[in-house]
Amino acid sequence: MAKIVGIISFMNAAGAQEALLRVSRGLRARGHNIEVWFLYEEDSIHANEPHIRVFEHKTRLTPLEYVKVFLRLRSELKAAAPDSVVGFLPLGNVFGMTAAYLAGVPWRVASQRAPGPTFGKAMRILDRYLGASNVYQKIVCVSDAVRRSFHDYAPEYRKKLSVVHNGIEWTPSNASKEEARRILGLAPDAFIFGAIGRMKVQKNYFFMLDAFAGTSNGILAIAGDGMLRPELEQHARKLGIENRVLFMGALDRQEIRHFLKAMDVFVQTSLYEGQSNAVLEAMHAGLPMVLSDIPEQRETVVDEAGDACSLLAPLGDLPAWQKALQELVDWPEVRAALGEGATRHVNARFTLDAMIDGFERALVNDHPSTSAR
């Protein structure tokens, strides 16, 4: 079986980190020897996960510390001598694949978890060059929308692209809706919109508050934390909805299951995604959803016949968002149909086994040496 190292930029509670850990657990269950290496630690949330390593226990690195991490990474890869490496996130790809190339690792796979134009300028330039060279030997995108975002890259880059969708480990809450609300301290009889995600610009929470302010009743509960939280709390006060918005903070995995069980509608106003784990969780939980009408979301919720298991609202179109949110308050039969459709769709198309199959193919079966074993 293959010896694999997964390299990711930093440890925190975001979707890419969760995805790489799922891949790691899935490949180990199939007999492969795989570790996950975090270059630094924004948050210690995965500190007790087995088979991981953290290079720097700091939330930020200085330029000199980046150099030291890179040199140590190259040294550790040379000592470990894995058959394959896989990178997640721009820094994980750029540092990981370059260090692996210099350490003589024979098979190097980059994994793009977000559209190329969203990378920082330096990472975009380096990623373009390394992907077009032999440093990246294969590039796995989390969605076809992400794959298409590299349409203007060099042919040598584009020919390496493939798609492996996310799949998640889903265990529903064993609590009833009423029990889940009691556990989380939520009102038993309120109509509750729920959102999950770190409080950063990508998630477009200021717009979410603007849209929610146009609904006639209900509560918006946001599970997540981040630097924007004080500004978001101030914006809720400015809109006069501070008594209707609950900032829940970061929740652990079991609390997230209770949170989804407690919700009536799931909302995500993201400016962009790769493929959202939170959306997949909401689909497994059978929740009706209102999502941004962006390519990454359409790919997740629209089937081959063109039918969507979610309401989709255009970015920035405040009246359309307010209409969609109010429609789900007013029409229980629409909520029921969307929730049932979401569960069917996610179970048919986005399974964890399919995700592990895809990464096993990219890291093991396509490797010219390990595939011959």
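As the structure is a prediction and not an experimental result, all values here were calculated from the model. Each residue takes its place number in the sequence, starting with 1.
- Ring pair Phe350/His345 is perpendicular by interplanar angle, where above 60° counts as perpendicular and below 30° as parallel.
- Residue pairs satisfying the side-chain hydrogen bond (donor to acceptor under 3.5 Å, both in side chains) criterion with at least one member in residues 255-264, sequence neighbours excluded, are listed as follows: Ser173-His258, Lys177-Asp264, Arg181-Asp264, Gln254-Arg257, Gln254-His258.
- In this structure, the side chain to side chain donor-acceptor pair (under 3.5 Å) partners of Tyr157, at least two apart in sequence or on a different chain, are Gln112, Asp127.
- A salt bridge links Arg25 with Glu169: the distance from a Lys NZ or Arg NE/NH1/NH2 to an Asp or Glu carboxylate oxygen falls below 4.0 Å.
- Side chain of Ser292 to main chain of Leu271: no donor-acceptor pair is present (N/O by atom type, distance under 3.5 Å, no hydrogens or angles).
- Leu260 and Met283 fall within a single hydrophobic cluster, where Ile, Leu, Val, Met, Phe, Trp and Tyr are joined by side-chain heavy atoms under 4.5 Å apart, directly or via other members.
- Between the side chain of Ser149 and the backbone N or O of Gly116 there is at least one donor-acceptor pair closer than 3.5 Å.
- Scored by the side chain to side chain donor-acceptor pair (under 3.5 Å) test, Gln137 finds no partners at all (sequence neighbours excluded).
- Note that Arg128 lies in the cation-pi zone of Tyr153, set by a 6.0 Å cut-off to the ring centre and a 45° limit from the axis.
- Linking Ile, Leu, Val, Met, Phe, Trp and Tyr residues whenever their side-chain heavy atoms come within less than 4.5 Å places Leu232 and Leu318 in a single cluster.
- Glu360 is linked by a salt bridge (Lys or Arg N to Asp or Glu O under 4.0 Å) to Arg30, counting only residues two or more places apart in sequence or in another chain.
- Between Gln297 and Thr300, the side chains place no donor N or O within less than 3.5 Å of an acceptor N or O (distance only, hydrogens not considered).
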*Report the C-alpha separation of Val142 and His165 in whole Å, then their side-chain angles, then the decisive distance to 0.1 Å, and conclude whether the side-chain contact (heavy atoms from CB on, under 4.5 Å) test is met.*
CA-CA 5 Å; Val142 70; His165 288 113; over 6 Å; no
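- Within the structure, salt bridge (charged side-chain N to carboxylate O under 4.0 Å, His left out) pairs that include any residue of residues 230-249 comprise Arg229-Glu233 (at least two apart or interchain).
- Identified under the salt bridge (charged side-chain N to carboxylate O under 4.0 Å, His left out) test for residues 329-340, with sequence neighbours left out: none.
- Taken from CH2 in Trp107 to CD1 in Ile4, the straight-line distance is 12.5 Å, to the nearest 0.5 Å.
- A salt bridge links Asp366 to Lys138: at least one charged side-chain nitrogen sits closer than 4.0 Å to a carboxylate oxygen.
- Here the side chain of Thr343 pairs a donor or acceptor atom with the backbone of Gly339 at under 3.5 angstrom.
- Judged by distance alone, with hydrogens and angles left aside, the side-chain atoms of Thr98 form no donor-acceptor pair with the main-chain N or O of Phe95 at under 3.5 Å.
- Using a 4.0 Å cut-off between a side-chain N of Lys or Arg and a carboxylate O of Asp or Glu, Asp357 and Arg361 do not qualify as a salt bridge.
- A donor-acceptor pair is defined here as one N or O able to donate and one able to accept, closer than 3.5 Å; such a pair exists between the side chain of Ser84 and the backbone of Leu363.
- With sequence neighbours left out, the salt bridge (Lys or Arg N to Asp or Glu O under 4.0 Å) criterion links Lys58 to Glu65.
- Asn93 and Arg113 share no donor-acceptor pair across their side chains, judged by distance under 3.5 Å alone.
- Note on residues 296-308: pairs passing salt bridge (charged side-chain N to carboxylate O under 4.0 Å, His left out), not counting sequence neighbours, are Asp293-Arg298.
- When atom types are taken as modelled, the side chain of Asn204 and the backbone of Thr269 share a donor-acceptor pair closer than 3.5 angstrom.
- Proximity of a side-chain donor or acceptor of Trp170 to a complementary backbone N or O of Leu280 within less than 3.5 Å is not detected.
- Residue pairs meeting the side-chain hydrogen bond (donor to acceptor under 3.5 Å, both in side chains) criterion with at least one member in residues 6-19, sequence neighbours excluded: Asn12-Gln17, Asn12-Glu42.
- For Ser276, the side chain to side chain donor-acceptor pair (under 3.5 Å) partners two or more places apart in sequence, or in a different chain, are Gln268.
- Residues satisfying the side chain to side chain donor-acceptor pair (under 3.5 Å) test with Asn33, not counting sequence neighbours, are none.
- Sequence neighbours left out, the pairs with a member in residues 25-58 that pass ring pair (Phe, Tyr, Trp, His ring centres under 6.0 Å) are Phe10-Tyr40, Trp37-Phe55.
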*asked:* Walk me through whether Arg147 and Ser143 qualify under side-chain hydrogen bond (donor to acceptor under 3.5 Å, both in side chains).
replied: CA-CA 6 Å; Arg147 182 190 63 78; Ser143 64; over 6 Å; no
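- No hydrogens or angles considered: a donor-acceptor pair under 3.5 Å links the side chains of His235 and Asp210.
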